[in-house]
Amino acid sequence: MARLPHAAGARLAFLWEGRVVEARAGDTVAAALYAAGHRMLTRSRKFHRPRGLSGVFVADHLARVDGRPNVRLDDELVREGHDVRAQNVWPDLDRDLLRLARLIPRRWLRAGFEHTRLIPSGTPLFERWEAMLRFLAGVAERPPADQRIPAMAGRRIAADVVVVGGGPSGRRAAAEAAGQGASVVLVSRGTPPGAFARAGGAALPDLPESVTVLAEHEAFGLYRDGRLVGAAPRDGGAATAIDAGCVVLAVGRRSCPPLVPGADLPGVLDLHTALALAHDHGVAPGGAVAVIGTGDVEAVARRFAALSVGVGAVLETGRTTRILGNHAVAGIEADGRVLACDAVVHAGPWRTDPALGFQAATGGALRLIAQAGRGNVTVVGSAAEAPEPVVWGGHLDDAALVCPCMDVTVAEVRALAAAGEAHVEVIKRLTGCGMGACQGFPCWDQLGAALAALTGRAVDDRPTFRPPRGALTLAQAAGLAEVVGPEP
Amino acid sequence: MMPRKVAVAIVGGGYHGLSLAFNLADRGVRDILVLDAGYFQGGASGRNGALVRGGFSSVEWTRFFGHSLNLWIGLSRKLGHNVMFTRRGYAIVAETDRSAAMVERALKVHAAEGLRSVGLDRAGVRRVLPAIDADRVKAAIHFANGGTAPHHAAMKAYLAACRERGVTVRYGTQVTAIERTGGRASAVWAAGQRIDADAVAVAAGAHNPDVARLAGVELDGAGMRIEAIAVAPMRRTIDPGIALIDRATYLHQTGRGEIVGGCEIAGEKPRMSLASDMPVMAHTARHLATMFPSLGAARVLRQWAGQVHVSSDFGPLLGQHPDLRDLWLSAGWLYGVAGAPASGDLLAKAIVTGVIDDRMAPFAVDRRRRNRPIVEESTVNLEH
């Protein structure tokens, strides 16, 4: 796959599954592999479906880099001579015989292999059967015994205002608070903050010098009604606990793929990820990209055209009935027609990741529920806009995956709904939906949409969101033990 | 429709309510009603460490939980559904001279009670716990028969077995009053209806003291929050369930590969809350990363809180309330997963036959009042 004209960075080469791959300095391993046409990075934990860079559901694609297991390919910068090998496959990613796990009838196994009727506990074979299930459910490798990573001493700071998100609205909120003399900390995944807006071609307001910026940090939790904020750098360095006067959430929105079969095929990307590839890495998401979305999809297509990306089709997400392909996207089906394409970029429906706001503003003795007026949090910018409904074209297909990580299909939700089960918390426990890397966003939104369609009742309920969703390591979390004591 | 009259009304549809209902039905009791204010697996029965062991340091705990362990082993057959109780073993790890001495005493108790346990030497520690920093281990007990039971399988099995035996189980149905007539508990109110009951049993987890107050009686202990974390899944790294006794920490690796653990920390005030906080996550992470040094790079996937009812000696409160006839309790559970099969078995026996089993008797509800606490040193709890 050709690099875009603006691709920069010195050429270098590394090994992927034993084959030489060309890359550019500054690429993540995932971006370099995408550029070289290697769409599949990993296989799903249970049925070993191909998975690739998507921006949705999967927070990490783990592989072995120079012998180190469990390296995140979307974070790791590629270096000359890197030897990168896929994990959780045998003998290799393409031939992977572990995908024969698909032959195990689904009625025997549910919820990431933890439900099984076949061999009950107490029988002589159970422990061996369970050991096999544990093996099949594995994703990350066992860390090597000689890998000793000590606790990373944490730090604690205070600010009048903590802003989460470095896009235009986060920057405006930070500047406004700083202008009024408040001490401000801004936490952003990007470096410098505002990567998505910049890739989208938007202008970014300046940040005053007085604002403390924690770039390449993930805000992993809002505790104590939002008065204690946790932030961890993506490079594994020291985590920070921030005493916050108040919190401004400017986390923007993410696009949710259509709830159709094939929506998690390698080559289906959310707009954030596709723009980062095209703008930051000079990698075309595809030769003929289908852009689907809500609202002004043509504007998205124009932005890709400006970045020299070839767009083959533009349509509304809600018309999509299926995304076709075996190991990667080969076409998209909408309105009964098949359009050939080699990538699908979805730009809507847009929904705000609710995890942090939920965590800060919940209470309840029997169940954690969001409580109005609680939490020290203001949501600004697009994150404050109402979520757009999850969509699909035609009928709700049994083969569509509600939760790709746990292989929960519409069929499984349909069976539970038919049995009268409508409580999202109970369905979560019965299926494992949302127990994977995304920890519920967007799969609980998909679960709610599917359940509403299947029962004919509105479902605006979701299970409890539980950060930190992999945003920090045990070594990083351990360092906070010295700096944060029990709540008085 | 809610029944107007039942033999036994059980308040709480968690492990202990369902285990009691199942065992009552198994003994031929008809008209059993289980009422739960929350949702299925919404309380501590869906937010626990899943750990099962039979051996403790005290004779009383070892007799009761040893019985429960035996019931766990046969539970899939008994319920007719797979509870997925995996006997991957259970280890108690001591790092100080004080806890090592407790380990030696506990091993003698186990031997006297016929419970299968072994003390691990250094080679044994390396064999059973290859990922642990063996230099830090002063002594350890290994229960080859212990293990873990995932609640989504075991609770599902209990609920299905209850319903198959005609037990009515209602979630989202709060008991709002318990009537007393002539010195006995005689009825419960729920969903605006009065339901006559020959006996009322309370197994409401953290809410036990509140429910008991509905009947006008007090219970020892109070509700409190307990927190845990799950580490992102990895291939088989830790086989047994583990109690790090000096760190008030427990952990196990689930069938999905997540390492789930929690701890108690000094200075934390007991509070009722389902919201999680930073310190327990941080301390659990520190204990895990210290004892299993290769886990430092593993990621914290999620954290959550549950609530339990803790008695003054950390032991369960089992039996009829001394101040109110026909009000039965299965309360004060910290090792509730391990104890559920036995609590249901022995409490059902007591309700149906009037016989208080010797293994249950020491855990009488009024033991604090009678100044008969049970000293148990092998649990991972701190005084608050």
Side-chain angles (χ1 to χ4, degrees), chain A residues 70 111-117 120-122 126-127 130-131 133-135 137-145 147-151 221 223-224 228 230 241 362-368 423 425-426 429-430 435 439 464 466-470 472-475 477-478 480-481 484-487, chain B residues 37-43 46 73-77 81-88 130-131 150 152-153 156 207 231-237 254-257 265 267-269 272 274-279 281-283 285-286 288-290 293-304:
Chain A
N70 311 328
F113 286 119
E114 280 187 271
H115 279 293
T116 174
R117 295 208 282 228
S121 65
F126 179 77
E127 263 69 37
E130 202 242 358
L133 296 181
R134 287 175 81 194
F135 174 79
V139 194
E141 290 185 19
R142 181 197 307 199
Q147 169 188 300
R148 296 173 84 97
I149 293 162
Y223 303 93
R224 303 179 187 180
L228 180 64
T362 51
L366 293 169
R367 184 182 176 195
L368 270 185
H423 200 301
E425 288 277 11
V426 176
R429 283 164 174 77
L430 295 177
M435 300 299 276
Q439 284 291 297
T464 312
R466 297 169 302 182
R469 298 194 292 189
L472 79 174
T473 64
L474 281 178
L480 294 168
V484 181
E487 188 175 2
Chain B
Y39 56 93
F40 178 47
Q41 302 182 53
I73 291 169
L75 198 58
S76 287
R77 177 174 301 178
H81 296 271
N82 194 359
V83 299
M84 302 281 290
F85 169 50
T86 168
R87 282 187 274 168
R88 285 195 232 133
H152 48 255
K156 187 165 170 266
H207 308 285
V231 175
M234 65 186 74
R235 281 257 158 78
R236 180 179 161 190
T237 302
T254 69
R256 270 199 283 268
I265 56 173
E268 168 116 319
K269 285 187 205 147
M272 283 286 276
L274 285 169
S276 39
D277 199 357
M278 199 186 285
M281 173 176 74
H283 280 87
R286 194 178 64 170
L288 290 181
T290 304
S294 64
L295 293 185
R299 291 178 173 275
V300 184
L301 186 58
R302 61 177 177 272
Q303 59 176 138
W304 67 96

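We name chains A, B, ... by the order of the sequence lines, and we start the count at 1 in each one.
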Interchain contact, [X] with chain A, by part (heavy-atom threshold 4.5 Å):
X: Met278(B); value: both
X: Val300(B); value: both
X: Ala37(B); value: both
X: Ala297(B); value: both

Taking every non-hydrogen atom, the tightest pair across [X] and [Y]:
X: Met234(B); Y: Pro143(A); result: SD-CD, 3.6 Å
X: Ser294(B); Y: Pro144(A); result: CB-O, 3.4 Å
X: Gly296(B); Y: Thr473(A); result: O-CB, 3.4 Å
X: His283(B); Y: Ala481(A); result: CE1-O, 3.6 Å
X: Phe85(B); Y: Phe126(A); result: O-CE2, 3.5 Å

Please state whether the side chain, the backbone, both or neither of [X] comes within less than 4.5 Å of a heavy atom of chain B.
X: Gln147(A); result: both
X: Ala365(A); result: both
X: Pro468(A); result: both
X: Gln439(A); result: side chain

Any side-chain heavy atom of [X] within less than 4.5 Å of one from [Y]?
X: Leu75(B); Y: Ser121(A); answer: no
X: Ser276(B); Y: Arg466(A); answer: no
X: Glu425(A); Y: Phe40(B); answer: no
X: Arg302(B); Y: Met435(A); answer: yes
X: Trp304(B); Y: Leu368(A); answer: no
X: Leu366(A); Y: His207(B); answer: yes
X: Glu127(A); Y: Thr86(B); answer: yes

Quiz item: Top residue by heavy-atom pair count (under 4.5 Å) with chain B, among Gly470(A), Gly485(A), Ala477(A)?
Solution: Gly470(A)
Quiz item: Can you tell which of Asn70(A), Val426(A), Leu474(A), Leu228(A) has the highest number of heavy-atom pairs within less than 4.5 Å of chain B?
Solution: Leu474(A)
What's the spacing between [X] [atom1] and [Y] [atom2] if we round to 0.5 Å?
X: Glu130(A); Y: Arg236(B); atom1: CD; atom2: CZ; answer: 9.5 Å
X: Asp277(B); Y: Arg224(A); atom1: CG; atom2: CZ; answer: 4.0 Å
X: Glu268(B); Y: Glu487(A); atom1: CD; atom2: CD; answer: 8.5 Å

Quiz prompt | Max heavy-atom pair count under 4.5 Å with chain A, selected residue of Met281(B), Met272(B), His81(B), Arg88(B) | solution =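 With the most close heavy-atom pairs to chain A, the winner is Arg88(B).
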Quiz item: Between Arg235(B) and Glu141(A), is there a donor-acceptor pair closer than 3.5 Å when you use the side chain of the first and the backbone of the second?
Solution: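 No, because the side chain of Arg235(B) does not come within donor-acceptor range (under 3.5 Å) of the backbone of Glu141(A).
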Quiz item: Between Arg77(B) (side chain) and Gly122(A) (backbone), is there a donor-acceptor pair under 3.5 Å?
Solution: no
